[in-house]
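Before any comments, here is the structure.
Every value quoted in this text rests on a predicted model; they were computed, and no experiment measured them. Below, chain A is the first sequence line, B the second, and so on; all start at residue 1.
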Protein chains: 2
Amino acid sequence: MKLAEDDIRQRFRACGLKVTPQRAAIYRALAETTSHPTADALYQQVRRRYPMMSPNTVYYTLGALRDAGLVHEVNYWHDGARFDANLTSHHHLVCLGCRAIVDLMDARLDRLAAPALQRRAFDIIGHRVEFHGYCAACRASKPGTTRRRPEPKKRMRRA
Amino acid sequence: MKLAEDDIRQRFRACGLKVTPQRAAIYRALAETTSHPTADALYQQVRRRYPMMSPNTVYYTLGALRDAGLVHEVNYWHDGARFDANLTSHHHLVCLGCRAIVDLMDARLDRLAAPALQRRAFDIIGHRVEFHGYCAACRASKPGTTRRRPEPKKRMRRA
DNA sequence: TTCCTGTTTAGGAATGACTCCTATCTACCA
DNA sequence: TGGTAGATAGGAGTCATTCCTAAACAGGAA
């Protein structure tokens with residue numbers, strides 16, 4: 001799906017983002033694929049046209065686009081591995097504020113199936129439903145409409 | 001849910017894992033909580049009883065437990081951020097082999113709702129269904145029953 | 001019980017995704 | 001056209017995680 005230069009310009013303006021060639025290139029690369037690329041993949045692609053570009057710019061720009069709501073971060077749980085010893089089928093409620101994950105058992109959700117088309121193309125071995133929102137504690141302090149960046153990572157303390 | 005020492009021993013043996021105090025402590029800590037802790041959180045907790053323990057051991061042990069199927073990694077998409085410019089409601093098919101993410105539109109899945117109990121406790125603003133499996137390309141090379149560790153991360157090349 | 005061997009552990013170093021800081025640059029409003 | 005807030009490039013720092021190695025140890029064999 002080709003994107004007109006003007007279209008990008010309009011979308012950026014609508015969000016109050018300045019229109020720069022790097023930024024437009026990153027957004028264009030993302031909008032013209034369905035492959036959910038990583039920051040690095042986008043960097044590799046855009047760098048072909050802008051060899052001076054810093055990976056920093058890619059991170060900064062993706063953050064800006066995300067905060068503006070122009071792109072989604074598909075896997076916002078990319079911060080640190082989390083484990084679960086509960087092996088029975090269950091789903092999750094995820095708090096976007098404090099990042100708590102709460103178990104949710106529901107037989108109805110267990111029975112979901114992908115459409116037949118995908119079941120043929122893909123060898124599906126399971127599924128999981130994730131509800132996103134704010135827990136009671138975070139609801140009170142929930143920011144209006146602003147999206148919040150992930151919590152800063154904490155270092156693994158040794159001492 | 002308290003876990004008897006013998007119970008842990010049996011589960012480990014059944015998977016061919018040696019039973020060590022550190023390993024048992026890590027598994028116990030994980031089995032006795034529903035909070036989906038990070039490796040660091042487990043380290044902090046278990047370290048209270050085993051001050052000499054290295055964070056390394058926690059990573060190694062969690063990997064072993066996961067490969068043995070005794071625990072699940074809740075958010076295996078914790079490796080690197082991935083982005084999506086498709087803002088329309090959709091769900092995902094995730095290939096456990098090559099980690100590709102394929103879009104999946106299905107109005108039926110859009111209409112899911114959490115049980116009323118959770119809807120009261122949690123301010124839910126959205127949900128997403130993730131189907132896991134193997135794409136056509138990976139199906140061929142899919143290992144029998146062995147679980148595969150995540151692909152090695154690739155560094156962001158500058159030169 | 002003791003010994004052997006392969007696994008596990010601790011510690012240090014390396015990796016790599018990402019963030020922070022700073023100086024320069026530039027889009028865009030007046 | 002100039003001023004300025006916001007954007008970029010580059011370097012340094014952060015930190016979760018992995019790699020490597022030597023020492024410790026669990027558990028089967030003798």
Side-chain angles (χ1 to χ4, degrees), chain A residues 5 8-10 12-13 15-27 37-44 46-47 49-68 73 75-83 149-159, chain B residues 5 8-10 12-27 37-44 46-47 50-68 73 75-83 149-159:
Chain A
E5 204 61 44
I8 294 180
R9 181 172 291 271
Q10 269 186 357
F12 282 14
R13 288 274 173 73
C15 302
L17 293 175
K18 285 190 183 176
V19 184
T20 69
Q22 294 96 327
R23 184 169 279 184
I26 291 168
Y27 180 68
T38 62
D40 178 48
L42 288 167
Y43 172 62
Q44 297 305 330
V46 175
R47 200 158 65 108
R49 279 206 53 190
Y50 297 91
M52 295 306 294
M53 165 134 42
S54 149
N56 234 326
T57 301
V58 177
Y59 286 116
Y60 181 91
T61 298
L62 287 171
L65 293 174
R66 176 196 57 205
D67 292 348
E73 204 168 329
N75 57 336
Y76 33 71
W77 304 119
H78 67 97
D79 50 350
R82 280 153 172 264
F83 296 88
R149 287 184 164 254
E151 294 290 312
K153 299 178 184 175
K154 293 198 194 75
R155 88 112 90 219
M156 192 178 258
R157 288 135 287 156
R158 298 293 295 274
Chain B
E5 205 60 44
I8 293 180
R9 179 171 293 272
Q10 270 185 358
F12 282 12
R13 287 275 172 72
C15 302
L17 291 175
K18 286 193 178 173
V19 184
T20 68
Q22 294 95 326
R23 186 169 279 186
I26 291 167
Y27 180 68
T38 61
D40 179 48
L42 288 167
Y43 172 63
Q44 296 305 330
V46 175
R47 199 158 65 109
Y50 297 92
M52 296 305 294
M53 165 135 39
S54 148
N56 234 326
T57 302
V58 178
Y59 285 115
Y60 180 91
T61 299
L62 287 172
L65 293 174
R66 176 196 56 204
D67 292 348
E73 204 168 330
N75 58 334
Y76 33 70
W77 303 120
H78 68 95
D79 51 349
R82 282 155 170 263
F83 296 87
R149 288 185 164 251
E151 296 289 313
K153 300 178 186 178
K154 295 199 193 75
R155 87 111 93 217
M156 193 180 259
R157 286 136 287 155
R158 298 293 296 275

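- Going from atom CZ of R66(B) over to atom P of dT18(D) covers 7 Å, rounded to whole Å.
- Using a 4.0 Å heavy-atom criterion, one finds that T38(B) contacts no nucleic acid atom at all.
- Taking only side-chain nitrogens and oxygens, R23(B) never comes nearer than 4.0 Å to OP1 or OP2 of dT7(C).
- Each of K18(B) and T57(B) lies near DNA chain C, and the nucleotide nearest K18(B) is the one positioned closer to the 5' end.
- Rounded to a whole Å, the OH atom of Y60(A) is 14 Å from the P atom of dA5(D).
- Atom CD of E5(B) and atom P of dA26(D) are 13 Å apart (whole Å).
- A donor-acceptor contact under 3.5 Å is not formed by the side chain of D79(A) with the base of dC15(D).
- Summarising the geometry, the separation between CE on M53(A) and P on dA7(D) is reported as 15 Å, rounded to the nearest angstrom.
- Between Q22(B) and the phosphate of dA10(C), there is a side-chain N or O to OP1/OP2 separation shorter than 4.0 Å.
- When every heavy atom of P21(A) is checked against every heavy atom of Y50(A), the shortest pair comes out as CB-OH, 3.6 Å.
- Atom CZ in R82(B) sits roughly 11 Å away from atom P in dC18(C) (whole-Å rounding).
- Note: CE (M52(B)) to P (dA24(D)) measures 11 Å, nearest angstrom.
- Here the CZ atom belonging to R23(A) is positioned 6.0 Å from the OH atom belonging to Y60(A), to the nearest 0.5 angstrom.
- An OP1 or OP2 oxygen of dT8(D) is reached within less than 4.0 angstrom by a side-chain nitrogen or oxygen of T20(A).
- The side chain of T61(A) contributes no N or O atom lying less than 4.0 Å from OP1 or OP2 of dA7(D).
- Using a 4.5 Å cut-off on side-chain heavy atoms (C-beta onward), D79(B) and N75(A) make contact.
- When the C1' atom of dT22(C) is taken as reference, atom CG of N56(A) falls 11 Å away, rounded to whole Å.
- At dT18(D), none of the side-chain N or O atoms of Y59(B) fall inside 4.0 Å of OP1 or OP2 (strictly under the cut-off).
- Between L17(B) and A81(B), the residue anchored closer to the 5' end of DNA chain C is L17(B), taking for each the nucleotide with the nearest heavy atom.
- The distance from atom CG of D67(A) to atom P of dG6(D) is 14 Å, rounded to the nearest whole Å.
- Inspection of the Q44(B) and R47(B) side chains reveals an N or O donor paired with an N or O acceptor under 3.5 Å.
- Between atom CZ of residue R66(A) and atom CD of residue E73(A) there is a gap of 4.5 Å, rounded to the nearest 0.5 Å.
- With hydrogens and angles ignored, no donor-acceptor pair closer than 3.5 Å exists between the side chain of D40(A) and the base of dC18(C).
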